Q: 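Take a look at this one; I'll ask things after.
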Amino acid sequence: MPKVTEIPAKKQVGSLAKKKETRKLRVAAYCRVSTDYEEQASSYQMQIQHYTDVIEKNPDWVLAGIFADDGISATSTKHREQFNKMIQDCKDGKIDMIITKSISRFARNTVDCLNYIRELKALNIPIYFEKESINTMDAKGEVLLTIMASLAQQESESLSQNVTIGIKHRFQQGKVMVNANCFLGYDKDEDGHLVVNPEQAEIVKRIFREYLEGASCQQIARGLEHDGVLTARGNKKWYDSAIRRILENEKYMGDALLQKTYTVDFLKKKRSRNNGDVPQYYVEDDHEAIIPKELFMKVQEEMSRRGSQVDCKGRKRGFSSNHCFTGLIFCAECGEQFRRIHWNNRGCKSVVWRCITRLDKTGDCGARTVYETELKNAFVDALNNLISDSDSYLPILQNNIASVLMMGNPESAESIQARINELQQLIINKASRQEDYDAEAKEVLRLREQKESAMQNDTSRNENLDRIRELQKFITSQPDTITEFDETLVRHLLDRVTVFDQKLVFEFKSGVSVEIEN
């Protein structure tokens, strides 16, 4: 039987495995600290110095670079520039070996950690973890790495949970956390509380004012750009979506809704809008308001009104504020709105209003065309009728005031809040005893909606009173007849115009109507 002698293979690592000549290993080190606090910065510098000494003292090694990410979280390698550069250098054949302090310094994501280790093993590039004494080229290396990387990921998950618990505790105490650098209208004082930025507050007030005056979000955005007003981030470009978010943000009336979003994946830092998945906390009167609550609620009501506009068949219609009469003129025959168009009749150009049904479906509606000049003159005539016949209209307005005052909410917002406070205390007590409090939580949500409805009803009632009193004041303060058309009066006073064959009916927001033969 022949005698067989095994000749052991020489251990080859890195790109040297592909070369016959022997030369020193090109070794790189990877360093990282989790935060950018001052005490961590010293650790960061110490790691760099440590690995520089280790590599230079080994006669078989040559320094291939120190790669260091300072103050960056390691749950993902996506934003670690130096780490990614190191991996690319490995692929380019510039590095033969990597040393690092520990698995948790290299990656806290099990999947990322193992993927990079296997990718580098395929290139014959080992990674040596000092703390765990693991070399990825060893046979037992991957089993140990899987266990250690999993533990590192659990550490990250535990840290994330601790942070979440801390944030939740602050929310329960009503502590508002806002990034004031991106928050138009507010700064933060030394204690972290929101304080009004006077210059930016004027921009916020302008946005709310122009919206209530009839401007759309897009028109407001274009106006701000035209005037050179900068956003909270210092950009020149304004978006209508940003204007809408400002108009909907309760913080401008001094309140704060906490936990609008929450983290759904701590590894990918993915956040999602909170639609009742986790608790929310509403803090009232937390800081100085820029917009009075009544004015804020008026804006919410106006946004709801614009969003609920429908045509005569109940289909949703977009809001337009291009002209003061837009959306106010309706057809008596089919109920559809009138649209403003430029009409060229045998070379004579004019601006007219026509029923949308007649325009879109020729022959389906026989409503007449209304010239804009005639419409404006008729509106002036309607106002003059109110002034000249004030003895008839003022008593009607006074009766309307009495009717509105009688329309109160069955339960005030204050009493509803008192019930919410009682339930919240019950929830806290049950939570401390690990008892189920789903029923109480649902009741809090229901009461919260009821309170918002009560507040909106109060705002709507007060707004109706303001409209009636505004027309009262207008009628009694006019010494003479009106001779010129004023679109501001249309936006403030007029609610609807109905077009008949022989007349126009002007319905005012105060609840009175005037017919004008036309």
Side-chain angles (χ1 to χ4, degrees), residues 167 170-171 174-189 192-225 229-235 237-262 271-308 319 413 417 445 448-449 451-456 458-460 463:
I167 292 174
R170 288 194 289 271
F171 283 166
K175 294 182 179 179
V176 177
M177 296 183 295
V178 178
N179 182 5
N181 294 330
C182 305
F183 189 24
L184 186 70
Y186 286 99
D187 296 322
K188 278 188 177 180
D189 62 14
H193 299 141
L194 290 176
V195 292
V196 174
N197 180 313
E199 184 178 350
Q200 293 183 359
E202 291 303 315
I203 303 172
V204 175
K205 291 176 183 178
R206 168 179 170 172
I207 291 171
F208 276 80
R209 181 180 67 253
E210 290 184 359
Y211 189 82
L212 283 179
E213 289 175 351
S216 66
C217 293
Q218 189 176 53
Q219 287 175 327
I220 295 172
R222 298 294 83 80
L224 292 171
E225 287 180 5
V229 178
L230 301 181
T231 67
R233 296 180 182 270
N235 299 325
K237 178 71 174 176
W238 284 83
Y239 295 93
D240 55 348
S241 57
I243 299 297
R244 175 169 288 273
R245 285 195 296 270
I246 289 173
L247 293 171
E248 293 175 338
N249 196 329
E250 76 290 337
K251 293 182 181 66
Y252 289 115
M253 64 172 176
D255 296 350
L257 177 62
L258 308 181
Q259 201 149 270
K260 294 180 180 179
T261 62
Y262 68 103
R271 296 188 66 82
S272 178
R273 182 173 292 277
N274 183 7
N275 295 316
D277 304 295
V278 295
Q280 290 183 312
Y281 308 88
Y282 195 89
V283 184
E284 295 190 63
D285 301 322
D286 171 74
H287 50 274
E288 182 182 354
I290 294 176
I291 305 299
K293 288 190 177 183
E294 186 172 345
L295 181 60
F296 183 87
M297 298 307 295
K298 282 184 181 180
V299 168
Q300 307 316 301
E301 185 179 7
E302 175 63 12
M303 294 179 76
S304 177
R305 185 191 71 81
R306 294 185 187 185
S308 62
F319 172 78
Q417 183 60 48
L445 292 174
R448 182 69 202 158
E449 292 176 357
K451 180 186 174 183
E452 290 180 359
S453 177
M455 291 174 64
Q456 288 185 350
D458 287 341
T459 300
S460 179
E463 188 172 359

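Remember, it's a predicted structure, so these values are computed and weren't measured experimentally. By convention here, the first residue in the shown sequence is residue 1.
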Q: Got a sec, which residues hit side-chain contact (heavy atoms from CB on, under 4.5 Å) with A201, two or more places apart in sequence or on another chain?
A: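 Applying side-chain contact (heavy atoms from CB on, under 4.5 Å) to A201 gives V196, I290.
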
Q: List the residues meeting salt bridge (charged side-chain N to carboxylate O under 4.0 Å, His left out) with E225, not counting sequence neighbours, and say none if there are none.
A: R222, K237

Q: For K298, which residues count as a salt bridge (charged side-chain N to carboxylate O under 4.0 Å, His left out) partner, sequence neighbours excluded?
A: D466

Q: Sequence neighbours excluded, which residues qualify as side-chain contact (heavy atoms from CB on, under 4.5 Å) partners of M297?
A: M455, Q456, T459

Q: For E463, give me all partners under side-chain hydrogen bond (donor to acceptor under 3.5 Å, both in side chains), at least two apart in sequence or on another chain.
A: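 If we apply the side-chain hydrogen bond (donor to acceptor under 3.5 Å, both in side chains) test to E463, skipping adjacent residues, the hits are R467.
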
Q: What distance separates L224 CG from E210 CD, expressed to the nearest 0.5 Å?
A: 6.5 Å

Q: Evaluate the ring planes of Y252 and F183, with Trp represented by its six-membered ring, and classify them as parallel (under 30°), tilted (30 to 60°) or perpendicular (over 60°).
A: tilted

Q: Are any side-chain N or O atoms of W238 and backbone N or O atoms of I220, one a donor and one an acceptor, separated by less than 3.5 Å?
A: no

Q: Over all heavy atoms of both residues, which pair between F296 and L247 is shortest? Give the atoms and the distance, please.
A: CE1-O, 3.5 Å

Q: Applying side-chain contact (heavy atoms from CB on, under 4.5 Å), can you list everything that pairs with V195, at least two apart in sequence or on another chain?
A: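 Once residues adjacent in sequence are excluded, the partners of V195 under the side-chain contact (heavy atoms from CB on, under 4.5 Å) criterion are D187, D189.
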
Q: Would you call the rings of Y186 and H287 parallel, tilted or perpendicular, taking 30° and 60° as the class edges?
A: perpendicular

Q: If you count heavy atoms of other groups shown closer than 6.0 angstrom to CZ of R206, is the number above 12?
A: yes

Q: Please name the pair of heavy atoms, one in D240 and one in A221, separated by the smallest distance, quoted to 0.1 Å.
A: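 Minimum heavy-atom separation between D240 and A221: N-CB, 4.3 Å.
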
